[in-house]
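Treat the numbers as computed from the prediction; the structure is a model and nothing was measured.
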Amino acid sequence: MHEKKNPNKPLIVYYIIALVVVMLLNALLFPQIERYSVKQVEYSEFLTMLDEGQIKAVQIEDTQIAFTPVEQIKDGKATYYTTNRVTADDKIVERLLDAGVQFGQVVPEEMSPIIEFLLTWVLPLVIFYALGSFMFRKMSQRVGGNSMSFGKSNAKVYVEAQTGKTFDDVAGEDEAKDALKEIVDFLHDPQKYRDIGARLPKGALLVGPPGTGKTLLAKAVAGEAKVPFFSISGSEFVEMFVGMGAARVRDLFKQAGEKAPCIVFIDEIDAIGKRRDNGGMGGNDEREQTLNQLLTEMDGFDAGKGVVILAATNRPEILDKALLRPGRFDRRIPVELPDLAGREAILRVHSREVKTEENIDYKQIARATSGCSGAELANIINEAAIAAVKDNRKAVTQRDLEEAIETVIAGYQRKNAVVSPRDKLTVSYHEIGHALVAAKLKNAAPVQKITIIPRTSGALGYTMQVDEEERLLMTREQILDKITTFCGGRAAEALIFGRITSGASNDIEQATKLARAMITRLGMSDTFGMMALETQSGQYLSGDANLVCSDQTAARIDVEVKQIIAECYDRAAQILADNKEKLHELAKVLLEKETITGIEFMAILAPNQLPSSTEESAEMSNTEKPADDHGVPAVQ
C-alpha cells in the first residue's frame, strides 16, 4: 500500500518561513521598546524625597530599598528608584509609616525569557494558524468538498458488510438479483472462474425508474460479498475547478485498487457519462474531461483483481456509447417496476419493523398499487403506521393501508374544505357518470370506491377501479373502453345540467394521451396501420414523445384523435341516457354518504349481479386502484 502524503505539509513550510522572517525583522530592524527604567540614587537623596513627600511606595530588602515616586510616569514610561540600605538607620521604618508610604512590591518582576518568547512569538503564530485553517475550511464548504484536496474523491467507504444490506432486504427484483449473484459468487471464489477462462464483468449498469431499488441492490451486493463498498454520486466528480473531476476519478480507482477486492458504486452516472457532442467549448470542458478519464480508468483496469464497477441511472438513452461497450459496462441490468408478486414481497419486507395486525392481506394491497415503485410502497407502509399512531392504535390495520394508498396517490383529505352545494352536486353526478359507464362496459375494471371528499392533490372527488388480474398487454377494445370511462364524467354533466365544467380537465388529458398513443405508437389506427409516428424519450422519467412525421401527417393525426374521443364520448353519453334513473339514484346516495364502496354501488345498480361468494366480496371491498394504468388517479 502506498504511503499517503500529508496535504498540509506545504502550509507548515510556509508558517516556518513566516516565523523566521518575523524574527529577523524584529531582531535587526525594530529596536526593543523599554517598558520601564530603574534609577539608582544616594540614601541621602532618598531621605530628602521622603521628607518632601515625594515617595509613594517602598520595597525594603536586606541590602537596598526600592521606591516609587509620586510622579512616576515620564516620557511615556515608568521610572523606579533604588538606594543602598543603611543598616544603622533603625528608625527608617517609623519615618516611612509616619509619611504614609505604602509597603509592597514596587519594581515589576522580570518575566521568564521562555514565557516571554511563547507569548510574543509562538502564541501569535498559533492564532494565525488557527485563523488560516478556519478560513480554508469555510472556503472548502463554499466551493464544495475539500478545497485543499483537489484530487481526492469524496467516496463514502463502507468496510466489509457495513452497508447492513443483503439480498434478503431486496424484494420484487428477482431477475436483477440473479444477474448480480454471479458477481457476488465471483468475488467469493474467483478461482473457479479463472480455471475455465471466464473473466469477471468490469461493470454492471443498473437502469430503471426512480425508486425501484438500484442503490439498494448495489449495497446488497457489497453486503453479500462482504467486501469494501465505495459509494459516490456522479455529480460529486464535476465541480467548479477544471480538472478536479478527472483527478477524483483517478484517486477513486487508485483507492479501489488498494482495497481490492471491492465494489465501486457510482450513482446517477448520467451526470458525468452524458453523450459527448460538439456543444462543449472546443470539446475540452470539465464534464468531458471527467468522462474521458473514467473511460481510460475502466479500460486499463484489471478486473482480475476483483474490483467491480456498479452504476445506476434513470436515463440510459443519454449515456455515451463508449461507456456502454463491452469491456467497460459489460452488463445492463434492468430494475423495473415490480409486478403483483413483487409488490406483495416488497410490502412484506417494509412491514417487518412495523407492528401490524395478523389479518393483513398484502396481496390485496399489492393489487391496489399497480404501477407503484418500491419507494412508493415503503411510503405507503409508513403512512399507514403514522395513521395508526394518530388514532392511538398499537398496530396497523387493513384500513390504515387502504387509506395510505389514497393518501400517497391523491393526497390527504381536505376535511375543512368548503364546497358549495351546487359544486358538490355536480361532482357527485360527475363521479357516478364515470362509475356507471365503467360498470356497463365489458372490458373496464370493476369500480371499488367512489368519493366526493376533496383531496390535497386538487381532486374534488374520484372513482377508483382495480383489475381482477395483472394486465401486461391491452387490447384495442380495452383502451377504447378506458377512454369511454374517462368521458363518462363530462357526459353526465352535460346530460343532467345541460352545461359542462372544468372538472374534467384530467379526464380530457388522459383520454387524449391514450387516443394519440393508439395512433402514433401502438399501430391501432386503420388510417396509418403499423406505422411509428413518434419516438419516446426519457422512458424511465418524463416519457415525453416526439412526433417524427410531416406537418400534414400531424394534422391528420389530430383529426383522428378527435374522432376517437368523440366516438367514445357519444358511447358514454348513450350509456348514461339509457340508465338515467340509476344515475339519479346513485348520485343521490353519493351526495348523502360522500363515499360509497364498490359493493354499495353494485347493490343499487344491479342487485342480482353481486358476488355470491363472501371471499369475492371481501376481495372487492379491500382492493382499490386508480383509474389510469400508472397508479395515478384520474382527477374527476
Side-chain angles (χ1 to χ4, degrees), residues 1-5 7 140 143-157 199-207 214-215 218 222 228-332:
M1 184 170 298
H2 299 287
E3 182 180 357
K4 295 184 178 180
K5 296 182 179 180
S140 67
V143 303
N146 188 354
S147 63
M148 299 308 296
S149 300
F150 296 101
K152 294 294 182 181
S153 70
N154 295 327
K156 298 178 181 178
V157 183
R199 62 177 180 83
L200 178 68
K202 283 188 178 181
L205 183 65
L206 305 174
V207 298
K214 297 182 289 296
T215 304
F229 178 75
F230 291 81
S231 177
I232 190 170
S233 174
S235 61
E236 295 183 42
F237 287 107
V238 182
E239 295 191 16
M240 64 178 292
F241 298 107
V242 176
M244 179 187 292
R248 287 185 171 176
V249 170
R250 288 191 295 268
D251 183 71
L252 175 63
F253 279 83
K254 178 182 176 182
Q255 292 183 53
E258 293 172 352
K259 293 185 178 292
C262 65
I263 293 174
V264 177
F265 176 63
I266 305 175
D267 199 6
E268 305 297 343
I269 195 174
D270 49 271
I272 58 172
K274 192 174 181 180
R275 186 182 298 112
R276 290 168 291 184
D277 51 25
N278 296 324
M281 298 179 61
N284 194 34
D285 63 333
E286 165 67 0
R287 193 182 306 274
E288 187 168 321
Q289 287 188 33
T290 306
L291 175 58
N292 290 336
Q293 187 63 44
L294 178 62
L295 296 175
T296 302
E297 293 290 343
M298 292 191 68
D299 211 24
F301 211 66
D302 183 10
K305 293 181 179 180
V307 178
V308 180
I309 313 298
L310 298 181
T313 182
N314 304 319
R315 302 189 294 171
E317 68 278 356
I318 70 170
L319 294 180
D320 195 280
K321 292 186 177 181
L323 195 64
L324 302 178
R325 73 161 176 81
R328 291 194 176 114
F329 282 104
D330 303 83
R331 288 190 176 183
R332 176 168 170 166

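Between the CG atom in Asn314 and the CG atom in Leu206 there is a gap of 11.0 Å [rounded to 0.5 Å]. Put simply, CZ on Phe265 and NZ on Lys214 are 8.5 Å apart, with the number rounded to the nearest 0.5 Å. For the atom pair Ile263 CD1 and Ile309 CD1, the distance stands at 9.5 Å (nearest 0.5 Å). The CD atom of Glu288 sits 8.5 Å away from atom CG of Asp320, with the distance rounded to the nearest 0.5 Å. Cys262 contributes atom SG, which lies 5.0 Å from atom CZ of Phe230 (distance to the nearest 0.5 angstrom). Met298 contributes atom CE, which lies 6.0 Å from atom CG of Leu294 (distance to the nearest 0.5 angstrom).
The side chain to side chain donor-acceptor pair (under 3.5 Å) search around Arg275 returns none, not counting sequence neighbours. For Ala204, the side chain to side chain contact (heavy atoms under 4.5 Å, CB included) partners two or more places apart in sequence, or in a different chain, are Ile183, Leu310, Arg331, Ile333. Qualifying side chain to side chain donor-acceptor pair (under 3.5 Å) partners for Gln293, counting only residues two or more places apart in sequence or in other chains: Arg250, Glu297. With sequence neighbours left out, the salt bridge (charged side-chain N to carboxylate O under 4.0 Å, His left out) criterion links Asp267 to no other residue. Partners of Thr313 by side chain to side chain contact (heavy atoms under 4.5 Å, CB included), not counting sequence neighbours, listed by chain and number: Leu205, Val207, Ile269, Asp270, Arg315, Pro316, Leu319.
When side chains are defined from C-beta on, Arg248 does not count as touching Leu252, because their heavy atoms never get closer than 4.5 Å.
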**Item:** Verdict with supporting geometry, Val308 and Val264, side-chain contact (heavy atoms from CB on, under 4.5 Å)
**Value:** CA-CA 6 Å; Val308 180; Val264 177; over 6 Å; no
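Contact between Gly234 and Ala271 at its shortest, heavy atoms only, is C-CB, 3.8 Å.
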Would you list the atom pairs, donor with acceptor, under 3.5 Å between side chains in residues 323-330 and any protein atom, with sequence neighbours excluded?
from	atom 1	to	atom 2	distance (Å)
Arg325	NH2	Asp299	OD1	2.7
Arg328	NE	Leu295	O	3.3
Arg328	NH1	Ala322	O	2.7
Asp330	OD1	Lys202	N	2.9
Asp330	OD2	Gly327	N	2.9

